[in-house]
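In listed order, ligands and their atoms are each counted from 1. Every value quoted in this text rests on a predicted model; they were computed, and no experiment measured them.
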Amino acid sequence: MPSKQALVRRPGPRLAEGLVTHIDRRPVDSALALRQWESYVQVLRDHGWHITEVAPADDCPDAVFVEDTMVMFRNVALLARPGAGERRPEVADARAAVEALGCSVNEIRAPGTLDGGDILKVGDTVYVGRGGRTNAEGVRQLRAAFEPLGARVVAVPVSRVLHLKSAVTALPDGTVIGHPPLVDDPAAFPRFLPVPEESGAHVVLLGGGKLLMAAGAPRSAELFADLGYQPVVVDISEFEKLEGCVTCLSVRLRELYA
Ligand SMILES: NC(=O)NCCC[C@H](N)C(=O)O
């Protein structure tokens, strides 16, 4: 039976200093961000996910975006080497958390760089965004780590947004969803469904046809409801100001061995 274990990391005191690359900086309300994060975690809990909090990294403003610290395939955690040097200290305690859960651990080594947000898994296909944060050597090491385990690694271009999963994610049936102006190459995906809003491209699969998504995409939510899915909406406005989205606030471990 698949596991439902999720890693999260609470926002720290320097959250408002988080990196912004493709958008203008806007002030972040830290108290509101904490409430939004708590609601996000509660939704995971309410849908049967067991939560492990990675130790806080209060010196790292972007640590709340814990997804970027690793990639899971089966029960193997490949630790990232973030493309932004200031985010690299986030990885040590993320390693401790997955080791404690019994995962096998591997890691991206210099000069490779790779952010977890650049990886989208659809079945055994592992799409990796070649963009600002993940370099060719990172892609090569990803292949070397996961292809022997049965993955097929497909590199796709990412130039319009921060990470691959800022542009596209996938529905439970494997259809890749994206907001066309932000997707470099929709033809890279065998089934692609355009969505009308940027944040409508970001879903976390909660299980049982339920999709965790941001409040800022009501028309995309309607589209998914019309396909028989059930959107579960959270407001993550303060994280969106830092180019975060629903996927990056957790790491989902679906194939742990009991
Ligand atoms: N996976 C993600 O989409 N992560 C968002 C990271 C945002 C953070 N401000 C960064 O620039 O690294």
* Tell me, do Ser250 and Leu44 make a side-chain contact under 4.5 Å, heavy atoms counted? ->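 A side-chain contact exists here, since the closest heavy-atom pair is under 4.5 Å.
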
* Is there a side-chain contact between Asp184 and Val156 (heavy atoms, below 4.5 Å)? ->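 Side chain of Asp184 against side chain of Val156, heavy atoms only: no contact under 4.5 Å found.
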
* Asked: What protein heavy atom is closest to atom 8 (C) of ligand 1, reported as residue, atom name and distance in Å?
  ->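 Its nearest protein heavy-atom neighbour is Asp62 OD1, 3.2 Å.
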
* Distance from atom 3 (O) of ligand 1 to nearest protein heavy atom, with residue and atom ->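 Residue, atom and distance for the closest contact: His163 ND1, 3.2 Å.
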
* Asked: Under the criterion side chain to side chain contact (heavy atoms under 4.5 Å, CB included), which of Leu227, Asp173, Val176 is the partner of Leu193?
  ->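 Between Leu193 and the candidates, side chain to side chain contact (heavy atoms under 4.5 Å, CB included) is satisfied uniquely by Leu227.
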
* **Structural part of Asp68 in contact with ligand 1, heavy atom criterion under 4.0 angstrom** =>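 For Asp68, only side-chain atoms sit under 4.0 Å from ligand 1.
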
* Could an N or O of ligand 1 be found under 3.5 Å from any N or O of Leu19, whether backbone or side chain? ->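 N/O-N/O distance below 3.5 Å exists for this pair.
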
* side-chain contact (heavy atoms from CB on, under 4.5 Å) between Val203 and Val246: does it pass, once the steps are laid out? -> CA-CA 7 Å; Val203 295; Val246 282; 5.8 Å; no

* Between the candidates Glu67, Glu243, Arg87, Arg133, which shows the shortest non-hydrogen contact distance to atom 11 (O) of ligand 1? ->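 Selected option, by shortest heavy-atom distance: Arg133.
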
Atoms in ligand 1 flagged as close to [X], the criterion being non-hydrogen separation under 4.0 Å:
X	result
Leu242	7 (C), 8 (C), 9 (N)
Cys248	1 (N), 2 (C), 3 (O), 4 (N), 5 (C)
Gly117	1 (N)

* **salt_bridge(Arg252, Glu67) N-O dist < 4.0 Å** =>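 Glu67 and Arg252: salt-bridged.
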
* What do you reckon, does Thr21 put a non-hydrogen atom under 4.0 Å from ligand 1? ->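 No; Thr21 lies far enough from ligand 1 that no heavy-atom distance drops under 4.0 Å.
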
* To do: Check if Lys165 has a non-hydrogen atom at a distance under 4.0 Å from any atom of ligand 1.
  =>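 Contact check Lys165 vs ligand 1: negative.
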
* Please name the pair of heavy atoms, one in Val54 and one in Ala97, separated by the smallest distance, quoted to 0.1 Å. =>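 Residues Val54 and Ala97, closest heavy atoms: CG2-CB, 3.9 Å.
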
* Asked: So does Arg152 have more than 12 non-hydrogen atoms from other groups sitting under 6.0 Å from CZ?
  ->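 Atom CZ in Arg152 is not crowded, with 12 or fewer foreign heavy atoms closer than 6.0 Å.
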
